[in-house]
Amino acid sequence: MSSHPIVHLGSLRNAEAFKRHLSDHDIAIPCDDEIATGSGSPLGQPLRSNGITIGNRFAIHPMEGWDGTADGRPTDLTLRRWANFGRSGAKLIWGGEAVAVCHDGRANPNQLLIGPHALDDLSRLRETLVAEHKKTTDSIDGLLIGLQLTHSGRYSRPNSDRGEPRILYHHPFLDRRLGLSSDYPVLSDGDVREIIEAFHKAARLAERMEFDFVDVKHCHGYLGHEFLSAHTRGGDYGGSFENRTRFLREVVQGIRTYAPALKIGVRLSALDIVPFRPDPASSTPGKPGAGVPEPFEDLLPYRWGFGVNQANPVESDLAEPVRFLTLLGELGIRLVNISAGSPYYNPHVQRPALFPPSDGYLPPEDPLVGVARQMAATRTLKQQFPDLVIVGTAYTYLQEFLPNVAQAAIREGWADSIGLGRMVLSYPEMPWHVLQGRTLERKRICRTFSDCTTAPRNGLPSGCYPLDGHYKNSEPAEQLKQIKNRYRKEQAQ
Ligand SMILES: Cc1cc2nc3c(=O)[nH]c(=O)nc-3n(C[C@H](O)[C@H](O)[C@H](O)COP(=O)(O)O)c2cc1C
Ligand code: SF4
């Protein structure tokens, strides 16, 4: 547990009080007192690097909504979200949301699925975003839009709530959580080659739809990320670093051949630690305690992670991520989005939050420590790779101090671009308001209630149920209320 009580950031009066809080608890997060606007604004500065131009320093992270049609096309809810991404004023749209390259690799039966059948509808997402961006900011100069391509691997649920995992190796903790027996089949090298071809076809379609780049997703426990930790796998795609990165290299090679106009980006869980679970000692039925690491003592050196310290897997180790970014540079990939961990096995690392999703665990640390962890890793990587365009993650928990921290991080070179996730679900215009020097609308600031995670875990579309008026009094909002009441009742028993 945290060594100090967690303070609600909304109760801190100003940036000075926030800085005092950080300093009192030795949390290394930079923070500016005043937000600059106009030509003096660090966040408003365009970024020019190796032929890439991005009009300002805000990025929108990919966020799927579990709201596509059964055959993977967007619905009005999906279009609305992409319109909001455009309205944010951010000039880098990192992927929009995870789009599966094949049906078997969908993370849920409502995930978008790229294919000739969906081309017109997926194109409309980009067009809607561009139109909304122009309406808000009056210019589409420096707007760079990517599409995130994914295969969900271990977390595939293409047909229903039931998982249909596609795994690369057996994992001592994650297999057990998914109920996989020791003889559950792993993807063969032939299966992997078919998936690589699906990425090539998807990229060709993304190029036809005029996306500027595709993100070959390597984060959050999905397939691309699982390759990087496939130390115990034999064959062409496991074991050595060279084999564990063969998937990336073969995907990239095909994209260069079949979709030469596309730029390529990679979103990476650059740091990780062992999976966490609710502390059995303080959990009661229906009431999870604080998160604790899975017992790893008999599994050292720990060989089932990437960016994890093998001798002490509650700590991260950036040695291999540094090798990975070196490889990206050698492959001519300049766009890198740094994330961490996984929402499935250590959500406090991936998405620092005060209120966990209903099936999660209580925060094992002050979420600010989680923010600082991701910021520090991103800073280290930025220092070592000045030629890469590096997007930072996990800023939403900073709430009203997000602009102050974002500005300081850009000014001091901790990252090139500040990526926003949850904040644009609750308050899509926040980046634009910051750039315009407008007072923030405090009632719309994300307070990390995690309903946007609890909803899809219970089969409902994702969105900001507490703060986005669109969901108020809607049928899914009523259903979510009942689900949360049920959890609460279980907790009371
Ligand atoms: C509802 C929801 C959906 C998400 N979907 C994706 C996704 O499709 N692809 C991805 O790389 N990350 C996804 N993420 C993670 C976010 O992009 C981001 O990394 C995370 O929310 C932390 O950033 P934040 O602190 O600004 O929210 C999702 C997060 C949320 C809350
Ligand atoms: S539901 Fe809304 S307030 Fe809660 S974490 Fe998601 S975006 Fe933030």
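Computed from a predicted model, the values in this text were never measured in an experiment. Counting convention: from 1, in listed order, for ligands and their atoms alike.
Close placement of the W94 and F213 rings is indicated, their centers lying within 6.0 Å of each other. If you look at Y155 and Y344, their ring centroids are closer than 6.0 Å. Side-chain rings of H348 and Y361 approach one another, their centers coming within less than 6.0 Å.
Considering S462, C464, G95 only, the shortest heavy-atom separation from atom 1 (C) of ligand 1 involves S462. Nearest residue to atom 23 (O) of ligand 1 from P352, A394, G65 is A394 (criterion: closest heavy atom). In this structure, of Y397, F449, Y465, the residue bringing a heavy atom nearest to atom 3 (S) of ligand 2 is F449.
Here the CG atom belonging to L125 is positioned 5.0 Å from the CH2 atom belonging to W82, to the nearest 0.5 angstrom. Atom NE2 in H133 sits 14.5 Å away from atom OG1 in T128 (nearest 0.5 Å). With rounding to the nearest 0.5 Å, the separation of CZ in R244 from CZ in F324 is 10.5 Å. Separation of atoms OH (Y465) and CD (Q479) is listed at 8.0 Å; rounding is to 0.5 Å.
Nearest protein neighbour of atom 18 (C) of ligand 1, counting heavy atoms only, is R267 NH2, 3.8 Å. In terms of protein heavy-atom proximity, atom 29 (C) of ligand 1 is closest to R351 NH2, 3.4 Å. In terms of protein heavy-atom proximity, atom 2 (Fe) of ligand 2 is closest to C464 SG, 2.3 Å. Of the protein's heavy atoms, E64 N, 3.1 Å lies nearest to atom 5 (N) of ligand 1. Protein heavy atom in closest approach to atom 15 (C) of ligand 1: Q350 NE2, 3.5 Å. Annotation: atom 25 (O) of ligand 1 to nearest protein heavy atom, R422 NH2, 2.8 Å. Of the protein's non-hydrogen atoms, P62 O, 3.4 Å is the one closest to atom 7 (C) of ligand 1. Considering only non-hydrogen protein atoms, atom 7 (S) of ligand 2 sits nearest to R422 O, 3.5 Å.
Under a 4.0 Å criterion applied to the non-hydrogen atoms of R447, ligand 2 contributes the atoms 3 (S). Interface atoms of ligand 1 facing T393, defined by a heavy-atom separation under 4.0 Å, are 19 (O), 22 (C), 23 (O). When each atom of ligand 2 is checked for a heavy atom of S450 under 4.0 Å away, the hits are 4 (Fe), 5 (S). Each of the atoms 1 (C), 31 (C) of ligand 1 lies under 4.0 Å from some heavy atom of C452. Within ligand 1, the atoms closer than 4.0 Å to a non-hydrogen atom of A98 are 8 (O), numbered from 1 in the order shown. Numbered from 1 in the order shown, with element, the atoms of ligand 1 that lie under 4.0 Å from a heavy atom of Q148 read 7 (C), 8 (O), 9 (N), 10 (C), 11 (O). Less than 4.0 angstrom separates some heavy atom of H220 from each of these atoms of ligand 1: 10 (C), 11 (O), 12 (N). Each of the following atoms of ligand 2 lies closer than 4.0 Å to a heavy atom of P466: 1 (S). Applying the 4.0 Å criterion to heavy atoms of Y395 picks out, from ligand 1, the atoms 25 (O). The ligand atoms of ligand 1 that sit less than 4.0 angstrom from a heavy atom of M63 are 2 (C), 3 (C), 4 (C), 5 (N), 6 (C), 28 (C), 29 (C), 30 (C).
Atom 8 (Fe) of ligand 2 lies under 2.8 Å from an N, O or S atom belonging to C446. With a cut-off of 2.8 Å, atom 6 (Fe) of ligand 2 has an N, O or S atom of C452 in range.
Under the 4.0 Å criterion applied to side-chain N and carboxylate O atoms, D104 and R106 are not assigned as salt-bridge partners.
Between R154 and the choices H225, E226, H171, the side-chain hydrogen bond (donor to acceptor under 3.5 Å, both in side chains) rule is met once, by E226. Of the residues D121, D67, D120, the one that meets the salt bridge (charged side-chain N to carboxylate O under 4.0 Å, His left out) test with R73 is D121. If you run salt bridge (charged side-chain N to carboxylate O under 4.0 Å, His left out) between E400 and each of R442, R444, K443, only R442 comes through. Y427 pairs in a side-chain hydrogen bond (donor to acceptor under 3.5 Å, both in side chains) with only one of the listed residues (E441, R422, H433), which is H433.
In this pair, F355 and F449 present their aromatic rings tilted. The plane angle is within the 30 to 60° band. The aromatic rings of H25 and H21 lie perpendicular to each other, with more than 60° between the two planes, well past the 30° mark. Between F247 and H218, the ring planes are tilted. Angles from 30° to 60° get that label.
The N/O atoms of K217, backbone and side chain alike, include one that comes under 3.5 Å of an N/O atom in ligand 1. Residue T396 places at least one N or O, backbone or side chain, under 3.5 Å from an N or O of ligand 1.
If you look at D451 next to ligand 2, the close heavy atoms, those under 4.0 Å, come from the backbone and the side chain alike.
Formation of a donor-acceptor pair under 3.5 Å by the T75 side chain with backbone atoms of G68 is not found in this model.
Between M423 and ligand 1 there is no heavy-atom distance shorter than 4.0 Å.
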